[in-house]
Every structure is written in C-alpha cells, then in structure tokens.
Amino acid sequence: MSVHLGLHWNLFLGIARKRTGGAAPSKRRGPLLLLPGLLISAYGAFVLMDRDFPTYLFLRSEFVFLDYGEPIWSFYLDYISLMGLWVFLAHCLSKGLRKPGGGN
C-alpha cells in the first residue's frame, strides 16, 4: 500500500500545493523537502532491519512477535517511518522512470 501511495505521491503534492496557494516547484524548495524524506527513510530502513522484517517478508517465520511492553508511540513511530521508507523509494523510482530519455 505504501509503494502504491509513493507512485501517486505527485498527486498529493499537487493537492497540497493547490490548497496552500503554493507556487510551482522551485529549485530551492526541492532539496529542503528532500531532507526530511531522507531522514524518515533512513530511520525506516533501520526499523526494517531492527525489527527483522525480512524474516517475515520472506516467510521464514510464521508468526510476528510483538513486544506488548513497548510504548505505543514508539510502535507507531516505527511503523509510520517504515511506511515512509516505501513511499519515498517508490516516489523516487517513479520520478526516475518518468524522466525524458531515461529509458534509452
């Protein structure tokens, strides 16, 4: 679901730009908005390995063991950043594939 959201992220950016009365994308604003995306993605990649998600993704374990003593804010922060990782990766991939002359 996060990958699908990342593929359509430009639609959400356009809606946000229209509602806030923002101008067209600028060369200065792009790198400033890239930094939070990179930070969220880096933490999401850490969570991916720290919580051992590849074991569950590749069906090496049948059960997901949750720590019920963990604070709820920590759980949600981890999972939202993990979603952010996949949104960021899908958005960057789709952006790279849309570049003119990128498929030659």
Side-chain angles (χ1 to χ4, degrees):
M1 189 167 58
S2 298
V3 170
H4 187 246
L5 181 62
L7 292 174
H8 298 289
W9 196 247
N10 277 335
L11 173 73
F12 294 102
L13 292 176
I15 290 171
R17 191 176 302 120
K18 188 183 291 187
R19 293 215 176 162
T20 59
S26 69
K27 298 239 183 225
R28 283 188 191 170
R29 197 174 349 151
L32 288 176
L33 293 176
L34 182 68
L35 184 63
L38 284 172
L39 292 174
I40 292 169
S41 295
Y43 184 67
F46 169 76
V47 168
L48 181 78
M49 300 316 286
D50 187 52
R51 290 190 179 256
D52 201 23
F53 271 95
T55 300
Y56 306 120
L57 289 173
F58 294 115
L59 302 174
R60 297 183 76 201
S61 175
E62 295 181 18
F63 302 103
V64 175
F65 299 102
L66 300 173
D67 179 13
Y68 292 105
E70 174 184 21
I72 194 77
W73 63 266
S74 173
F75 174 83
Y76 280 117
L77 179 69
D78 284 358
Y79 278 77
I80 288 171
S81 66
L82 187 60
M83 288 176 61
L85 167 68
W86 297 111
V87 168
F88 185 79
L89 289 176
H91 175 67
C92 289
L93 180 66
S94 71
K95 210 170 166 184
L97 291 175
R98 272 185 296 207
K99 292 233 185 250
N104 292 339

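Below, each value reflects all heavy atoms present in this structure, side chains not excepted, and no hydrogens, waters or symmetry copies.
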Original post:
How long is the span from the OG atom in Ser41 to the CG atom in Leu48, to the nearest 0.5 Å?
Top reply: 11.5 Å

Subject >> Close side-chain approach of Met49 and Pro54, heavy atoms under 4.5 Å >> reply: yes

Original post:
Is there a donor-acceptor pair closer than 3.5 Å between any side-chain N or O of Ser74 and the backbone N or O of Glu70?
Top reply: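 No.
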
Name the atoms and distances for all side-chain donor-acceptor pairs under 3.5 Å in residues 79-92, with sequence neighbours left out.
| unit_1 | atom_1 | unit_2 | atom_2 | d |
| --- | --- | --- | --- | --- |
| Ser81 | OG | Leu77 | O | 3.1 |
| Ser81 | OG | Asp78 | O | 2.8 |

Original post:
Same cluster or not: are Leu59 and Phe63 linked, directly or through other Ile, Leu, Val, Met, Phe, Trp or Tyr residues, by side-chain heavy atoms under 4.5 angstrom apart?
Top reply: no

Subject >> Single-linkage hydrophobic cluster Leu57~Met1, side-chain heavy atoms < 4.5 angstrom >> reply: no

**OP:** Please say which of Ile15, Asn10, Leu11 ends up in a side-chain contact (heavy atoms from CB on, under 4.5 Å) with Leu13.
**Re:** Asn10

Original post:
In terms of ring plane angle, is the pair Phe12 and Trp9 parallel, tilted or perpendicular, where the classes change at 30° and 60°?
Top reply: tilted

